[in-house]
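Atoms within a ligand are numbered from 1 in the order they appear, just like the ligands themselves. FYI, the numbering just counts along the sequence from 1.
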Amino acid sequence: MSSPSRTLIVQKYGGTSVDGPARIRAVAEHVVRTRQEGHDVVVVVSAMGKTTDELIQLAEELSAFPPAREMDMLVTAGERISMSLLCIAIAELGLTATSFTGSQAGILTDTAHGKAKILEIRADRLRDALADGQIAVVAGFQGMSTDRNITTLGRGGSDTTAVALAAALGAESCEIYTDVAGVFSADPRIVPNARLQPQLSFDEVLEMAATGGRVLALRSVEFARNYGVTLHVRSAFTWEPGTWVGQEEAMEKAIISAITHDTSEAKVTMLGVPDRPGIAARLFRALADEAVNVDMIEQNVSVHGLADISFTVPKADLLVAARVSEEVGTEMGASSVSCDADIARVSLVGAGMKTHPGIAATMFEVLAANGVNIEMISTSSIRISCVMREDRMVDAVRALHTAFELDQEPVP
Ligand code: ADP
Ligand code: ASP
Ligand code: MG
């Protein structure tokens, strides 16, 4: 039986971390180790390796427009495979682990298939399993909707399952095990000498996740910040300590903590729009009504009463955005509407930016010195983003990483 004084740790394992029997055995051993150190453990697993992509591809071979409900039913199967295999591996090590689908774990969501939001967690079955001395293993990225269908939380959503369970169960911490050693100053696949960041604030990681820093799902960081769940992102290969993500007050503020990149968006430009009240409202209401997620927006100063408006949307929404913009543009008398999918956004993120003037100027100088033309700019108090040609992105990330002295010092 589990004693009431035991602390609870939620551990989440990503796809690469459970890719095959050897990896699953290594994870089972780590879970058992954690249990034997005296903690209660709830594990959240992703589908093995590229399973989710493969399942989506299978459906796409059958239909260009597969029904959303069936897609969710299909892809949640991936997590069911890994959760049961992990329980089998843990049993082999002599402990009892019980697997739960999202629905069995009491994760109640809204009805938006493919991007459902968690409404409530009724975690009684997990609590009972823990009280009975078991390890609970939960399938990531899924839940059951208010109309009793199986839903998914969006790609990368197992992170969100883990943080939401940590909040609901009052876990001491939420460990996110992945295929890199933690959160780095840039994607290590693009900047091989990126630096591991031992501590980051929720706000910094939120900006990173929102601007392409794939290591944590955006919604999971929102959950962590809203419910004060400390995150520890670390390697499922070395088991070494990685990056702690928590409240900003608790940490030293680096001026720049990361450079992120994103190629998932496209740009729509409307030229020669009459510059009068209500034009932007009309366009962006029409886009919102079609559920197009607009991100950056830029409007230039009007010349002879005509202005140009550019905005970015997810590439997946580009066709709809183009159609809506054409319709509204014609109605308003715009001279043209064009679309451009070959863009990338590169962003500088850092809490210390608030108190250090001149960061934007330096960023623009570095890009200029590398011959990168800036097409759009947007900022928050701790982020500066520039849109550029996609084929200049990697050079831009590397040049900024060096210029802001983020390159890891060589080991002496
Ligand atoms: P998992 O399957 O464990 O959830 P993901 O593929 O979703 O793993 O996220 C880990 C990947 O995120 C890494 O392999 C890395 O390439 C990528 N990544 C992008 N930006 C960063 C960053 N700043 N720090 C660490 N990893 C990053
Ligand atoms: N398996 C899902 C995906 O690939 C969820 C996750 O891994 O977090 O998106
Ligand atoms: Mg992930």
If we count only N and O atoms by modelled type, under 3.5 Å, do the side chains of [X] and [Y] hold a donor and an acceptor together?
{"X": "D395", "Y": "N370", "answer": "no"}
{"X": "T312", "Y": "E265", "answer": "yes"}
{"X": "S185", "Y": "H401", "answer": "yes"}
{"X": "D72", "Y": "T151", "answer": "no"}

- Backbone or side chain, does any N or O of S46 fall under 3.5 Å from an N or O of ligand 2? yes
- Any nitrogen or oxygen of T52, main chain or side chain, under 3.5 Å from a nitrogen or oxygen of ligand 2? yes
- Message: For the NZ atom of K12 and the CG atom of L165, what is their distance to the nearest 0.5 Å?
- Response: 13.0 Å
Based purely on interatomic distance, does [X] place a nitrogen or oxygen under 3.5 Å from a nitrogen or oxygen of ligand 1?
{"X": "G212", "value": "no"}
{"X": "D187", "value": "yes"}
{"X": "G15", "value": "yes"}

At less than 4.0 angstrom from any non-hydrogen atom of [X], what atoms of ligand 1 do you find?
{"X": "M208", "result": "23 (N)"}
{"X": "V183", "result": "24 (N)"}
{"X": "G14", "result": "1 (P), 2 (O), 3 (O)"}
{"X": "T178", "result": "1 (P), 3 (O), 8 (O), 10 (C)"}
{"X": "G182", "result": "24 (N), 25 (C)"}

Of the backbone atoms (N, CA, C, O) and the side-chain heavy atoms from C-beta on, which set of [X] has a member under 4.0 Å from an atom of ligand 1: side chain, backbone, both, or neither?
{"X": "P188", "answer": "side chain"}
{"X": "R189", "answer": "side chain"}
{"X": "V180", "answer": "side chain"}
{"X": "K12", "answer": "side chain"}

- A186 heavy atom under 4.0 Å from ligand 1: yes
- Message: Just to check, does A217 reach to within less than 4.0 Å of ligand 1 when the distance is taken from its heavy atoms?
- Response: no
- Note on the structure: One finds that the ligand 2 atoms under 4.0 Å from a non-hydrogen atom of R155 are 3 (C), 4 (O), 9 (O)
- Query: Quick one: is the NZ or CZ of R23 closer than 6.0 Å to the six-membered ring centre of Y13, and within 45° of its axis?
  - Reply: no
For the backbone of [Y] and the side chain of [X], can you confirm whether one donor and one acceptor N or O come within less than 3.5 Å of each other?
{"X": "E327", "Y": "V324", "result": "no"}
{"X": "T330", "Y": "E326", "result": "yes"}
{"X": "E79", "Y": "S46", "result": "no"}

- Message: Between the side chains of K115 and D110, is the shortest nitrogen-to-carboxylate-oxygen separation below 4.0 Å, so that they form an ion pair?
- Response: no
Nearest protein heavy atom to [atom], by residue and atom, and its distance?
{"atom": "atom 6 (C) of ligand 2", "result": "S158 OG, 3.3 Å"}
{"atom": "atom 24 (N) of ligand 1", "result": "F184 N, 2.9 Å"}
{"atom": "atom 5 (C) of ligand 2", "result": "F141 CG, 3.4 Å"}
{"atom": "atom 13 (C) of ligand 1", "result": "D179 OD1, 3.5 Å"}
{"atom": "atom 7 (O) of ligand 1", "result": "R214 O, 3.9 Å"}

- Task: Under the side-chain hydrogen bond (donor to acceptor under 3.5 Å, both in side chains) rule, collect the residues that match up with T98, sequence neighbours excluded.
- Result: Q134
- Message: Below 4.0 Å from ligand 2: does a non-hydrogen atom of G140 turn up there or not?
- Response: no
- Determine whether any heavy atom of G156 lies closer than 4.0 Å to an atom of ligand 2. yes
- Parallel, tilted or perpendicular for H30 and Y177, by the 30°/60° rule? perpendicular
- Item | Centroid-centroid distance, F284 to F311, less than 6.0 Å | yes
- Minimum side-chain heavy-atom gap T211-S385 below 4.5 Å: yes
